*Asks:* 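Below you will find the structure I want to go over with you.
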Number of protein chains: 2
Amino acid sequence: MIPLANKKDLKPEDFPSDIEGLRMTRQRREVLAVILRDRDHPTANDVFRRAQDRMPTISLATVYNCLEALVSHNIVRQVNLDRESSRYCPNLSDHCHFQDESSGKIHDVVFKEGVKLEDILELPKGTEISHLDISLKGNFGNK
Amino acid sequence: MIPLANKKDLKPEDFPSDIEGLRMTRQRREVLAVILRDRDHPTANDVFRRAQDRMPTISLATVYNCLEALVSHNIVRQVNLDRESSRYCPNLSDHCHFQDESSGKIHDVVFKEGVKLEDILELPKGTEISHLDISLKGNFGNK
DNA sequence: TTTCGAATTAGAATAATTCCAAATTCCGGC
DNA sequence: GCCGGAATTTGGAATTATTCTAATTCGAAA
């Protein structure tokens, strides 16, 4: 179900040649590897700089192309907080994002067991949800 | 608590000279009046075009300035969906946003009675939430 | 009425992202 | 292995929303 979620140390060249119907090119492997390795919700530009370590000729446009391909094939998730640049996240399970205001860092937060949207929101009957985005900002108590 | 939420038909010139500690200039009144009148979550540019009807000399920069002043004084709320331009909303009560994928229109959705965040999310004890954003995308069933 | 800080303005600047057209790579069939 | 068409990559230009800047205007208080 989340085939790649735990493959933190898989080398790019070991990825299968096709993931979720997406042909894995050299660049796409590299971009994906960066996102799986450093799970700190990097921006496109972060990914670009990191990918350059192993692939100095990769271009920013390609990073954007790869990210869009990976996102549209549900291999990685795009995270938007306010008007900041998009960030990318290899965690595909249902979760939301908490931004610590003192560090700016983003943490994944999961739902409590058994929570369903219909229990929380007044939605017209029959409403179909295709995307859900929850983001929080605040501070951890122990500070 | 939500002093302006229902003042749909208040004329700009009738606004008090100070709202939530913000001095109400001619331009700020006009911008606020537009947001209170048309509750369709306009973008800054929408607000600009509408404000020009009654105030042809207002500038886009001013609209941005006014919006930022109104938002930071908690008089209107800024709504960000994905990477689209920010939208503005006079509804200050706790609610979230549902974007109908077929029309693009945005609807307010409220929480069910008594729902609390701590009941829904696995948050480290003591976490303080300063901002919460929930947005949904999908379709109404009856279509 | 004068004054002074705040607000407004037009236009330039910025930043993230997308677009474009050319060059390269990939892959199946010969 | 070689060829052709399709997909991908690339650098740079273009776009878009928003912010910045510096000059001007406004407006409340003295």
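Quick caveat, the model's predicted, so the values are computed rather than measured. Order of the sequence lines sets the chain letters (A, B, ...), proteins ahead of strands, with each chain counted from 1.
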*Asks:* If you count heavy atoms of other groups shown closer than 6.0 angstrom to CD of Glu128(B), is the number above 12?
*Replies:* no
*Asks:* Please identify each residue that fulfils side chain to side chain donor-acceptor pair (under 3.5 Å) with Thr43(A), with sequence neighbours left out.
*Replies:* Asp46(A)
*Asks:* List in chain and number order the residues that pass ring pair (Phe, Tyr, Trp, His ring centres under 6.0 Å) with His107(B), two or more places apart in sequence or in another chain; answer none if no residue qualifies.
*Replies:*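 Listed in chain order: Phe140(B).
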*Asks:* Got a sec, which pairs hit salt bridge (Lys or Arg N to Asp or Glu O under 4.0 Å) with one end in residues 53-64 of chain B, sequence neighbours left out?
*Replies:*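 For residues 53-64 of chain B, and leaving out neighbouring residues, the salt bridge (Lys or Arg N to Asp or Glu O under 4.0 Å) pairs sorted by first residue read Glu13(B)-Arg54(B), Glu30(B)-Arg54(B).
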*Asks:* Just the endpoints, please: which first and last nucleotides of DNA chain D, 5' to 3', lie under 4.0 Å from a heavy atom of chain B?
*Replies:* dA17(D) to dG27(D)
*Asks:* Please list residues of residues 81-89 of chain A whose heavy atoms come under 4.0 Å from any atom in DNA chain D, ordered by number; otherwise none.
*Replies:* Arg83(A)
*Asks:* With sequence neighbours left out, write down each residue that passes ring pair (Phe, Tyr, Trp, His ring centres under 6.0 Å) with His97(A), or none if nothing qualifies.
*Replies:* His41(A), His95(A)
*Asks:* By the side chain to side chain donor-acceptor pair (under 3.5 Å) test, which pairs, at least two apart or in different chains, include something from residues 111-124 of chain A?
*Replies:*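 Non-adjacent pairs meeting side chain to side chain donor-acceptor pair (under 3.5 Å): zero.
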*Asks:* Applying side-chain contact (heavy atoms from CB on, under 4.5 Å), can you list everything that pairs with Ser17(A), at least two apart in sequence or on another chain?
*Replies:* Arg29(A)
*Asks:* What donor-acceptor contacts under 3.5 angstrom involve side-chain atoms of residues 61-69 of chain B, with partners at least two apart or in another chain?
*Replies:*
from, atom 1, to, atom 2, distance (Å)
Thr62(B), OG1, Ser59(B), OG, 2.9
Asn65(B), ND2, Ala61(B), O, 3.4

*Asks:* Apply the hydrophobic cluster definition, ILVMFWY joined by side-chain contacts under 4.5 Å directly or through others, and give me every member besides Ile106(A).
*Replies:*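 Joined to Ile106(A), directly or through intermediates: Val79(A), Leu81(A).
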*Asks:* Contacts to DNA chain D from residues 58-65 of chain A, heavy-atom cutoff under 4.0 Å, which residues?
*Replies:*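 Close to the strand are Ile58(A), Ser59(A), Ala61(A), Thr62(A), Asn65(A).
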*Asks:* Under 4.0 Å between any heavy atoms, over every strand shown, what does Thr57(B) touch: base, sugar-phosphate, or nothing? Just pick one.
*Replies:*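 Sugar-phosphate: the residue Thr57(B), judged by heavy atoms under 4.0 Å, touches backbone atoms but no base.
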*Asks:* When the axes are fitted on five pairs at both termini, how much does the helix from dT1(C)-dA30(D) to dC30(C)-dG1(D) curve, in 10° steps?
*Replies:*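 The two end axes of the helix from dT1(C)-dA30(D) to dC30(C)-dG1(D) meet at 20°.
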